[in-house]
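Single-structure report; data block below.
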Amino acid sequence: MATIKLTYPDGSVKEFEGGVSGNDVAKSISSGLAREALAIEVDGEVWDLSRKIDHDAGVKILKWQDAGGKYAYWHSSAHLMAEAVECLFPGTKFGIGPPVDHGFYYDIDMGDHTLSPDDLLKIEERMVEFAKRDVSYVREEKSWDEAVAYFKKKGDPYKLELLDGLKGETITLYHQGNFTDLCYGPHIPSTGRIKSIKLLSVAGAYWRGNEKNKMLQRIYGITFPTKEELDEYLFRVEEAKRRDHRKLGKELDLFVFHDISPGAPFWLPKGMIIFRELEKFLRSELDKRDYQEINTPILVKKDLWQQSGHWDHYRENMFCVENDETIYSLKPMNCPESTYVYRHRLRSYKDLPLRFSEIGRLHRNELSGALGGMFRVRQITMDDAHIFCRPDQILSEIDRLIELVTHFYSIFGLKPSYNLSTRPDNAMGDPTLWEQAEASLKKALEKNHIKYTLKLKDGAFYGPKIDIQIEDAIGRQWQVATIQLDFVMLPERFQLEYIAEDGSRQRPVAIHRAIFGSFERFIGIITEHFAGNFPTWLAPVQAVVLPITDAHQEYGAHVHGILKSAGLRVELDDRSEKINYKIREWEVKKVPYMLVVGEKEKNNQTVSVRQHTKGDIGVMAMSEFVDKICREISEKLITS
RNA sequence: GCCGAUGUAGCUCAACGGUAGAGCAGCUGAUUUGUAAUCAGCUGGUUGGAGGUUCAAAUCCUCUCAUCGGCUCCA
């Protein structure tokens, strides 16, 4: 066979005989690499190591560290799990079993049998056993007819349904041990690579993600090449649990939920302080940037929603009440009402842009099963704004918004990432305007040196948008802010106009934007992000004065008074308890500063400062401490 | 809404057909303490709710509400 040229990631080119396998390529580089290799990338496509390469190509050997390697590893793990399930529960029908970001799952139909945690353990044990056999994953190409015949014989209706969508194509099957699956692959060389296995949970999932279809049982699992990596993963899961805002919210007296109003928090005094600080921060930033705050009714007649189109498309999510034969609804969005503020006066081109901000309380009747702590509530407080501008002002407005958003997240130590979504097929509005707007969004992102992911055709039907995700302290991504252009929904439906320079009536462009997304969700996110150790400016109690004995209460009260008049949220713990006891208690409450005062401090007019999580940071003059903490608060420093 | 699990004192959990219990918290008293828990006593529950089975139900059954993990949806 002819020789072929393979290009490595470093650009070097090596010649091989045609039909060389990825495995051979890995071996030719080093035996160590061959041991670690899981798959090979051939011209950007991930292949099995055993598959023969017969043309010139760019190649990269994939190991566990590579995303492609992990995916193949977990994909193969899913097959291993399926084999264990089939062995323990013959007759099980298989749906799909792909890898996911952290592990893999397989959707299965077991008829009447419901999997118990005990079953999971048994499956896990069997997987360990099968993995040890160290059998190869074998790829086989079959004609469509042969594949159909195979799964007909096996009696796997879901696989047959999948095959329906692959008519005329060459079908690949993968075998390992006694299990055969319809699968594109790729897979790792053999089951022996899978060393550490943990089945995590079983949950219902609709076949093909469609709620009209039958619900299958989905088993989630994860595997690793070493036990240490599994332990580390499980530790990270524990860490996430430790940070859970539902747990911390209760422990730190921030908020609680009650059966009496599912999906709506009761804000406790301490949580309300965080809420108010965020509002204060938001308002001061928006004031600097020439926003005008408005407030619109919560309860409005359904006529508004008929005009906005929500009545047709969003009605099942709206709470309605009837009064005197008129149907009202609690607003699920602020936007339609903001147009009433716009239309309050005839607007001139000179008035634009108009930036109306609104901290609006919304109600959305989310499905009961969708609720989850602060992350998904029915009563939402949104940091909303609607900017009405001329088309030629889009660029500068987006530019300002990007500056605002970047500034906001930097204060919290959250890393933003940006997605730009463009014109979908069902778009409404002038295509030229779309093009112009998309170009403006791009330009604004580029001007700010922001890398972004382009999501083609993912915009709303009324305009393109920039979605912003943030990454928290433990690497999780959250969708929060959104900047949406709107040529249609508000401007057209509500017939917004401004008088242009030439006296003609023109349509403004509306920009919908939120930064926190919602106060509820954002507070949930930062509670987990900071693990409850809020920066001093947000901390419900910023400092607490701890007199050592009753003899120091008077001085303690003096210190407390000074801090209070400096504007701090400070408490005095004058209980007759041991100092260790008090310290422990306030440490658990995650208060940033403790001021221990006893005989020495009283005589020298000082305070002994203990910082949360850091311990004793020494004795300071009172004024020194006040300066320190006040600077920390005004600069919104992150100290934990 | 769908699938599965769970619901016992303010919190974390025990009791799994036979008188509901512990730790923490709370209250009372003693203790006067130097950087993560002083001691003693006391209070606290129609076992989420409604029905049913049984001589007897926290425990078994039915319905319902809520929560959790997913699916769908989404700020």
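Letters go in sequence order (proteins before strands), and every chain restarts at 1. Since the structure is predicted, the reported quantities are computational estimates derived from the model, not experimental observations.
- Rounded to an integer number of Å, the gap from NZ of A:Lys614 to P of B:A36 is 16 Å.
- Applying the salt bridge (Lys or Arg N to Asp or Glu O under 4.0 Å) rule to A:Asp425 yields the partners A:Lys457; only residues at least two apart in sequence or on another chain are considered.
- In terms of the side chain to side chain contact (heavy atoms under 4.5 Å, CB included) criterion, A:Asp312 has no residue partners (sequence neighbours excluded).
- Straight-line distance from the CZ atom of A:Arg364 to the C1' atom of B:A75: 6 Å, rounded to whole Å.
- Surrounding CD of A:Glu161 are more than 12 heavy atoms belonging to other residues, nucleotides or ligands, all under 6.0 Å away.
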| request: Could you check A:Glu554 against A:Lys602 for salt bridge (charged side-chain N to carboxylate O under 4.0 Å, His left out), going step by step and ending with a plain yes or no? | output: CA-CA 9 Å; A:Glu554 201 181 319; A:Lys602 182 181 161 188; over 6 Å; no

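- The pair A:Glu238-A:Arg242 does not meet the salt-bridge criterion, since no charged nitrogen lies less than 4.0 angstrom from a carboxylate oxygen.
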| request: Check step by step if side chain to side chain contact (heavy atoms under 4.5 Å, CB included) holds for A:Arg315 and A:Trp305. | output: CA-CA 9 Å; A:Arg315 193 169 164 185; A:Trp305 310 111; over 6 Å; no

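- A distance of about 44 Å separates the P atoms of B:A37 and B:A50, rounded to the whole Å.
- Between the P atoms of B:G69 and B:G29, the separation comes to 44 Å (whole Å).
- Here the nucleotide nearest the side chain of A:Arg521, chosen from B:A75, B:G69, B:G34, is B:A75.
- The residue A:Leu371 sits close only to the backbone: its heavy atoms come under 4.0 Å of sugar-phosphate atoms, none of a base.
- Salt-bridge check for A:Arg610 with A:Glu587: passed, with a basic side-chain N closer than 4.0 Å to an acidic carboxylate O.
- The shortest distance between the side-chain N/O atoms of A:Arg610 and the OP1/OP2 oxygens of B:A36 is below 4.0 Å.
- With hydrogens and angles left out, the side chain of A:Glu587 and the base of B:A37 share no donor-acceptor pair within 3.5 Å.
- The salt bridge (charged side-chain N to carboxylate O under 4.0 Å, His left out) contacts involving residues 459-483 of chain A comprise A:Lys415-A:Glu471, A:Lys465-A:Asp467, A:Asp472-A:Arg476, A:Arg476-A:Glu528, where partners must be two or more places apart or lie in separate chains.
- Within residues 404-416 of chain A, no residue has any heavy atom under 4.0 Å from RNA chain B.
- Between A:Tyr220 and B:C71 there is a side-chain polar atom (N or O) within less than 4.0 angstrom of OP1 or OP2.
- Between A:His386 atom NE2 and B:A75 atom P the separation is 13 Å, expressed in whole Å.
- Atom CG of A:Asn317 and atom P of B:A75 are 11 Å apart (whole Å).
- Within 3.5 Å, no donor on the side chain of A:Arg246 pairs with an acceptor on the base of B:C68, nor the reverse.
- Identified under the side chain to side chain donor-acceptor pair (under 3.5 Å) test for residues 265-278 of chain A, with sequence neighbours left out: A:Glu277-A:Lys280, A:Glu277-A:Arg569.
- The side chain of A:Thr549 sits closest to B:U32 out of B:U32, B:A75, B:G34.
- The residues A:Lys582 and A:Glu585 are annotated as not salt-bridged, no charged nitrogen and carboxylate oxygen being separated by less than 4.0 angstrom.
- The NZ-C1' distance, from A:Lys590 to B:A36, rounds to 13 Å in whole Å.
- Backbone-only contact: A:Ile579 has heavy atoms under 4.0 Å from sugar-phosphate atoms and none from a base.
- Note on ring orientation: taking the six-membered ring where Trp is involved, the planes of A:Tyr233 and A:Phe224 are tilted (angle from 30° to 60°).
- For A:Tyr291, the side chain to side chain donor-acceptor pair (under 3.5 Å) partners two or more places apart in sequence, or in a different chain, are A:Arg513.
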Would you tabulate the pairs of protein nitrogen or oxygen atoms and nucleotide nitrogen or oxygen atoms of nucleotides 38-40 of chain B closer than 3.5 angstrom?
from	atom 1	to	atom 2	distance (Å)
B:U38	O4	A:Glu577	OE1	3.2

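- Between the C1' atom of B:A5 and the CD1 atom of A:Ile219 lies a distance of 16 Å, rounded to the nearest Å.
- Consecutive Watson-Crick or G-U pairing (both distances under 3.5 Å) extending over three or more pairs maps onto RNA chain B as B:1-7 with B:65-71, B:10-13 with B:21-24, B:26-30 with B:38-42, B:48-52 with B:60-64.
- Atom P of nucleotide B:G48 and atom CD1 of A:Ile260 are separated by 17 Å, given to the nearest angstrom.
- Legend: residues meeting ring-ring contact (aromatic ring centres under 6.0 Å, His included) with A:His75, ordered by chain and number and at least two apart, are A:His79, A:His187.
- Aromatic ring centres of A:Tyr462 and A:His512 lie closer together than 6.0 Å.
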Please write out each protein N/O paired with an N/O of nucleotides 7-11 of chain B under 3.5 Å, distance rounded to 0.1 Å.
none

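- Heavy-atom neighbours of A:Leu456 CG from other residues, nucleotides or ligands within 6.0 Å: above the threshold of 12.
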Any N/O pairs under 3.5 Å between the protein and nucleotides 1-3 of chain B? List them or say none.
from	atom 1	to	atom 2	distance (Å)
B:G1	OP2	A:Ser368	OG	2.2
B:G1	N7	A:Gly369	N	3.3
B:G1	N2	A:Tyr206	OH	2.3
B:C2	O4'	A:Tyr206	OH	3.4
B:C3	O2	A:Gly204	N	3.2

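- Across A:Thr92, A:Leu115, A:Asp107, a single residue satisfies side-chain contact (heavy atoms from CB on, under 4.5 Å) together with A:Gln217, and that is A:Leu115.
- Judged by distance alone, the side chains of A:Thr296 and A:Glu358 do bring a donor and an acceptor atom under 3.5 Å apart.
- Regarding A:Lys582, its NZ atom lies at a distance of 12 Å from the P atom of B:G34, rounded to whole Å.
- Every residue two or more places apart in sequence or in another chain that forms a side chain to side chain contact (heavy atoms under 4.5 Å, CB included) with A:Lys589 is listed here: A:Trp586, A:Val591.
- Heavy atoms of A:Glu366 sit under 4.0 angstrom from at least one base atom.
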